[in-house]
Amino acid sequence: NAGVTQTPKFRVLKTGQSMTLLCAQDMNHEYMYWYRQDPGMGLRLIHYSVGEGTTAKGEVPDGYNVSRLKKQNFLLGLESAAPSQTSVYFCASTRHRVSQPQHFGDGTRLSIL
Amino acid sequence: SQQGEEDPQALSIQEGENATMNCSYKTSINNLQWYRQNSGRGLVHLILIRSNEREKHSGRLRVTLDTSKKSSSLLITASRAADTASYFCATDAPPPGGGSNYKLTFGKGTLLTVNP
């Protein structure tokens, strides 16, 4: 079982460049989440989706956009990357309510120079 | 804002010893979850405890919840080197204005090192 797959695993960008991080899950989960993890800060929620075609802002949404055109995919976009967005990004999914366990991908390590 | 805060930030023990990590939170919750993160990997769910439960067990893991003190603890018994990881608590809390909650709030984690 693949579970939650994130691509790419690593990326280096220059300030001002754009990119899209892809999250794919094969568990037919309704809810999907994007987090960032920085040293000493724990996991902070960027955006989330409770179903195909829906998105909502989390704790730190500025500078990011998301789309959920297909149930199995959740895309995170950086339109104009900034050094402050250097982080490890994690995608997670859960079946159909937040009281159930979240399943995480192994992260995308992103450096903005 | 962080709902859950783990304590201690770091813990180093010898193999075979027990490890206890604590989580405190600020508002009422629906449930609390514990996750483990090995270095360079994503988080893995360990155990969920609901607000009306006081204790749950899963293998060598024991979780307690004290809603009056707004705190939870995770006990790992007879620790192994493979238990070396960061451990996070995450809370599912009702929104301040009412309605349904759709997200977890994670703490900053406890880094557990188990020395062989």
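Order of the sequence lines fixes the chain letters, A, B, ..., with proteins taken first and strands second; residue numbering starts at 1 for each chain.
Between chain B and the residues A:Y33, A:F104, A:Y48, the largest count of heavy-atom pairs under 4.5 Å involves A:F104.
For a heavy-atom cut-off of 4.5 Å, chain A lies close to no residue in residues 72-79 of chain B. For residues 105-113 of chain A, the interface with chain B (any heavy-atom pair closer than 4.5 Å) comprises A:G105, A:D106, A:R109, sorted by residue number. Annotation: residues 33-54 of chain B contacts chain A through B:Q33, B:Y35, B:Q37, B:G40, B:R41, B:G42, B:L43, B:H45, B:L48, B:R50 [non-hydrogen atoms, separation under 4.5 Å].
In this structure, no portion of B:N30 lies under 4.5 Å from any heavy atom of chain A. Contacts between A:Q100 and chain B at a heavy-atom distance below 4.5 Å involve the backbone alone (N, CA, C, O).
Residues A:V66 and A:L22 fall into different hydrophobic clusters, defined by Ile, Leu, Val, Met, Phe, Trp and Tyr side chains chained together at heavy-atom separations under 4.5 Å. No path of Ile, Leu, Val, Met, Phe, Trp and Tyr side chains, each step under 4.5 Å between heavy atoms, connects A:L21 with A:L43, placing them in separate hydrophobic clusters. Under the 4.5 Å side-chain heavy-atom criterion for ILVMFWY residues, no single connected hydrophobic cluster contains both A:V60 and A:V88. Cluster membership check: B:M21 shares its hydrophobic cluster with B:V114, using side-chain heavy-atom separations under 4.5 Å among Ile, Leu, Val, Met, Phe, Trp and Tyr. Under the 4.5 Å side-chain contact rule for hydrophobic residues, A:Y35 and A:L76 do not share a cluster.
Here the CG atom belonging to A:L45 is positioned 8.0 Å from the OG1 atom belonging to B:T105, to the nearest 0.5 angstrom. Considering CZ of B:F106 and CD of A:Q37, their distance stands at 10.0 Å, rounded to 0.5 Å.
Sorted by first then second residue, the salt bridge (charged side-chain N to carboxylate O under 4.0 Å, His left out) pairs that include residues 71-82 of chain A, not counting sequence neighbours, are A:E30-A:K71.
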